[in-house]
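Let me begin by presenting the structure, written as structure tokens, before commenting on it.
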Amino acid sequence: MKRSRATTRRHLPGSPFNVPTVAPPVKEFALHDRVTHDKYGMGSVIGVEDEVAVLVDFGTRTERITAPYYKLYKL
């Protein structure tokens, strides 16, 4: 029987496929920053937990958004 090739292949050190993965930079927010969210709309930051979460007031509701902030953008 032949073994299946389900395992990952090892690449040589000089291989162009050895691209190091770079983590995206962590977004930083401060109090009173104006932000927009893809789901909730525009809001203002009213609380910051160190690189863990931000508390945002969207007018009709207040949401705690955890890191990484994929859908949250600073204006």
Side-chain angles (χ1 to χ4, degrees):
M1 282 190 114
K2 293 184 179 179
R3 290 189 311 168
S4 67
R5 291 199 158 222
T7 60
T8 58
R9 297 179 106 187
R10 221 173 31 113
H11 297 290
L12 297 174
S15 173
F17 298 106
N18 286 341
V19 179
T21 56
V22 178
V26 177
K27 296 179 186 177
E28 294 184 15
F29 296 99
L31 287 176
H32 308 293
D33 278 349
R34 299 288 296 167
V35 294
T36 183
H37 191 274
D38 290 348
K39 182 176 178 182
Y40 304 117
M42 292 187 56
S44 179
V45 176
I46 58 172
V48 178
E49 299 174 22
D50 296 328
E51 297 182 11
V52 176
V54 292
L55 193 62
V56 182
D57 179 22
F58 291 105
T60 59
R61 65 189 314 168
T62 301
E63 290 290 329
R64 181 178 181 266
I65 301 173
T66 58
Y69 315 104
Y70 291 125
K71 297 180 180 183
L72 188 67
Y73 304 100
K74 190 184 297 189
L75 296 178

Atom OH of Tyr70 with >12 non-hydrogen neighbours under 6.0 angstrom
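Counting neighbours around OH of Tyr70, 12 or fewer heavy atoms of other residues, nucleotides or ligands fall under 6.0 Å, so no.
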Assess whether atom CG of Asp38 is packed by more than 12 heavy atoms of other residues, nucleotides or ligands within 6.0 Å.
yes
Once you round to the nearest 0.5 Å, how far does NZ of Lys27 lie from CG of Asp33?
12.5 Å
If you measure from CG on Leu72 to CZ on Phe29, what distance do you get to the nearest 0.5 Å?
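Between Leu72 CG and Phe29 CZ, I get 4.0 Å after rounding to 0.5 Å.
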Quick one: are His37 and Val56 in side-chain contact, heavy atoms under 4.5 Å?
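Of all side-chain heavy-atom pairs linking Val56 with His37, none is under 4.5 Å.
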Could you list who else is in Leu55's hydrophobic cluster, with ILVMFWY side chains joined at under 4.5 Å, directly or through other members?
Ile46
Salt-bridge present (Glu49, Arg64; N to O < 4.0 Å):
yes
Nearest heavy atoms of [X] and [Y], plus distance in Å:
| X | Y | value |
| --- | --- | --- |
| Glu51 | Ala67 | O-CB, 3.8 Å |
| Lys74 | Val35 | CA-CG1, 4.2 Å |
| Ser44 | His32 | OG-CA, 3.9 Å |

